[in-house]
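Remarks on the structure that follows.
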Amino acid sequence: MAITLDTSLLELPGVGRSRGESLARLGLTTVGELLRRYPRSYEDRRQTSTIASAPEGVPVCLHLMVAEQPVFSHIKQGLDLVKVRLVDDADELTAVFFNQRYLRSALREGEQYLCFGKVEGPPWRRQMTNPVCERADRVKFNGRILPVYALTKGISNNLLAGLVQRCLEECADQVEETLPHGLRQAYGLATAEFACRNIHFPADETALETARRRLIFEELFLLSCGMALLRRRREGEAGLAFALPPPEEFTGLLPFSLTGAQRRVMGELDADLSSGLPMNRLIQGDVGSGKTMLAAYAAWVTARNGCQCALMAPTELLAGQHFQSLAPLLEQAGLRVGLLTGSVKGTARRELYAALAEGRLDLVIGTHALLSQGVEFARLGLVITDEQHRFGVAQRSALAAKARTPPHVLVMSATPIPRTLSLVIYGDLDVSVVDELPPGRSPVATYVVGEDKRERMYSFVRRLVGEGRQAYLVCPAVEEGDLPEEEGETQTLKAAVPYAHTLQTEVFPDLRVGLVHGKLKSRDKQAVMTAFARGELDVLVSTTVIEVGVDVPNAALMVVENAERFGLSQLHQLRGRVGRGKHQSYCVLVTASRSPDSRERLRVLARTNDGFQIAEEDLRLRGPGDFFGARQHGLPQLAIADLAGDTRVLKQAQGAAEALLAEDPGLQSPEHAGLLEQVRRLFAAHGDIFN
Ligand code: ADP
Ligand code: MG
């Protein structure tokens, strides 16, 4: 039978219905799929030895002859033993096999075998237990580098490796070459056939490395092509071309002058807004870098062009805060600004809806409530979402869908992502980076402390409050018992509600302690935050609800309890709540964890204030899955490449993809048909996004 890449695995010898089902459970139904399922690791069976020179405890291959017919014995229920004497040119050993009864007749006196296993025991009584024996004239797996695959019940590694070996013999030469020849040459990449053979059964380490490099490149290249195709498809749409008013009219409204980075991004916004194509831009910038002003600028340009702007924030708290800072600013410029959250109800809500629909509002700031059915715009021209990582792509487009002409879209994120990665994650967005903080900010001094320093931490809170400052104390839980304890860690988690009570009654009876958490009613949350912002509270106990965007310049201390519970990027966000005013600010990370790893991890924050560096470290420690919730971001599953680890190759692949698409924008030329097919396959789980 001729095997092709499309042949069903059921047609292969040795694969019956039940194995076929097990393989299908691994996602393997055809030969092509099998060959694209790469090994998890490898077992090196190349070292050969004689009986006399076999190293202690290391499995090796030995050329041995069966000296006499094996002896079979039945030890007890469920335990059989086959024992055989094997010799090489100089010595002999005894091999024993448990529960491999068939070897009694399979091993023949006088035959040569290549056996793989550990040689044990004293020189006068050498022994091997369960070695893998292959007849010398029919060696399959011994003496080479053997692939180790992810398995499932009913499928052994030997079976899978055997199937792969068989398929490679029959059709490795059918594996299609998707990478253009010139590209392979430019980057020194192996052919598809070489890569396929050597990723499964590598000739040696170099061949394996060469194969891996090619496959990683290929995968990242396909990913980059897919993203570039998405972006190009979007570029075909017509959008609103805004006229740009003199920028001094905007900057004149501000109590400060913009930073160089803000000016640069303003220029990028100008180019987008006036281009006649819909803007799709991500502004990334560390906490406190002043992204809100850029959003305000874009909203202002939009209003000056007779269009409306919607700004969506992930929490009511944040929406409220944006409203409080932006409304007074933009109202000076004649903009009419409204706030729409879940708490706006009844007549007020109906009035807001009407104002939007009739074009009597220029800017509406809100939460998910903006997505409500009743929300209609007279002329929506710009959609801004703040803190993008809380919103899915779908929500961004749901809001954009409320416009007649595709509106400009601006996304702001304070989660710094390494630049190359943001290209992949936000592949269809152009990226601007605000990489400069407003002047006069001193870095937040950060300390990692254990429980033994708790009293000192309390004194420190008291001292700063004495100096007129305010402090945040953040806990991982709201009520006791909210979070399951981790194995082996018996420490109790600080919960905001009881902690606030203890602080107020026992630790700081003379200070004003407030409490805010996600289970409070929105109005109550808002009231507490407002009180804190007005300086009517000294200490605010909270959960991570204060993580995003909250801005109280007089707060100079951030204490995080059970800090080991948080991701580094999240801690960095929390820390960004202080150091926003002119006062020297502090961040104290309290941890009872004794694990040196988790302390070391936290010290990254003490060492640097650079969000990008922290993000890279977080990414390295937790992997991209946790970091981004990769699936949530609609990224395809990768078979071999690692977005965090292979960034250098990713950069090359991105460059190559851009270059190729510049030449053949839709990958329409016949020679790129195979490539386009592969790109579609990679993105297949996400529906046919290229149509
Ligand atoms: P983020 O990027 O975290 O959203 P914000 O836009 O909230 O940061 O800005 C943080 C604080 O810095 C705000 O109080 C804002 O008014 C102030 N700010 C923004 N730009 C500047 C600037 N160029 N000079 C001084 N202060 C600025
Ligand atoms: Mg912000």
Side-chain angles (χ1 to χ4, degrees), residues 282-299 309-330 337-344 352 363-372 375 382-392 395-396 399 409-416 434 470 472 474 478 496 514-534 540 542-555 558 566 569-581 611:
L282 169 73
I283 298 184
Q284 259 196 65
D286 221 333
V287 278
S289 59
K291 296 181 293 294
T292 317
M293 284 311 128
L294 294 164
Y297 174 70
C309 170
L311 192 168
M312 184 161 67
T315 62
E316 290 208 12
L317 214 62
L318 194 56
Q321 188 149 342
H322 277 322
F323 181 74
Q324 274 160 22
S325 62
L326 292 184
L329 181 84
L330 292 171
V337 186
L339 176 67
L340 176 59
T341 64
S343 335
V344 180
L352 206 73
L363 168 63
V364 62
I365 297 173
T367 55
H368 291 87
L370 290 171
L371 302 174
S372 318
V375 177
L382 171 66
V383 167
I384 305 175
T385 55
D386 193 10
E387 312 298 344
Q388 148 74 8
H389 61 296
R390 302 267 173 125
F391 291 112
Q395 285 161 316
R396 207 199 308 153
L399 191 50
V409 172
L410 183 61
V411 175
M412 296 190 287
S413 170
T415 309
V434 195
Q470 291 163 283
Y472 294 103
V474 173
V478 177
L515 168 68
V516 66
H517 56 75
K519 290 187 185 173
L520 287 183
K521 281 215 189 68
S522 165
R523 200 180 322 126
D524 299 340
K525 258 190 278 189
Q526 197 63 57
V528 178
M529 283 314 299
T530 308
F532 189 68
R534 288 201 191 123
L540 183 63
S542 87
T543 55
T544 53
V545 289
I546 58 136
E547 177 187 345
V548 266
V550 175
D551 190 15
V552 180
N554 190 48
M558 166 63 63
F566 299 89
S569 292
Q570 197 182 11
L571 289 171
H572 180 62
Q573 288 275 319
L574 286 169
R575 174 167 67 178
R577 296 309 109 216
V578 297
R580 298 173 84 88

Rounded distance [0.5 Å steps], [atom1] in [X] versus [atom2] in [Y]:
X      : Y      : atom1 : atom2 : answer
Ser289 : Gln284 : OG    : CD    : 10.0 Å
His322 : Leu339 : NE2   : CG    : 11.0 Å
Leu352 : Leu340 : CG    : CG    : 5.0 Å
Cys309 : Leu410 : SG    : CG    : 8.5 Å
Leu311 : Thr367 : CG    : OG1   : 11.5 Å
Gln324 : Gln526 : CD    : CD    : 6.0 Å

Go through the steps to decide whether Met293 and Leu329 satisfy the test side chain to side chain contact (heavy atoms under 4.5 Å, CB included), and finish with yes or no.
-> CA-CA 10 Å; Met293 284 311 128; Leu329 181 84; 4.2 Å; yes
Would you say that [X] contacts [Y] through its side chain, given a criterion of any heavy-atom pair below 4.5 Å between the two side chains?
X      : Y      : answer
Thr385 : Met412 : no
Thr530 : Arg534 : yes
His572 : Asp286 : yes
Met312 : Leu371 : yes
Val516 : Phe532 : no

Smallest separation among heavy atoms of [X] and [Y], with atom names:
X      : Y      : answer
Thr543 : Ala496 : CG2-CB, 4.1 Å
Pro328 : Phe323 : CD-O, 3.8 Å
Val478 : Lys519 : CG1-CD, 4.1 Å
Ala319 : Thr341 : CB-CG2, 4.3 Å
Glu316 : Ser343 : OE1-OG, 2.7 Å
Ser413 : Leu282 : CB-CD1, 3.9 Å

Side chain to side chain contact (heavy atoms under 4.5 Å, CB included) assessment of Leu326 paired with Val337 = CA-CA 8 Å; Leu326 292 184; Val337 186; 5.7 Å; no
Under 3.5 Å, is there a donor-acceptor pair between the side chain of Ser372 and the main chain of Val375?
-> no
Are any side-chain N or O atoms of Lys291 and backbone N or O atoms of Gly285, one a donor and one an acceptor, separated by less than 3.5 Å?
-> yes
Mind checking salt bridge (Lys or Arg N to Asp or Glu O under 4.0 Å) for Arg523 and listing every partner two or more places apart, or none if nothing turns up?
->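 Arg523 satisfies salt bridge (Lys or Arg N to Asp or Glu O under 4.0 Å) with no other residue.
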Please list, chain by chain and in numerical order, all residues satisfying side chain to side chain donor-acceptor pair (under 3.5 Å) with Gln470, sequence neighbours excluded.
->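 In terms of side chain to side chain donor-acceptor pair (under 3.5 Å), with neighbours along the sequence ignored, Gln470 is linked to Asn554.
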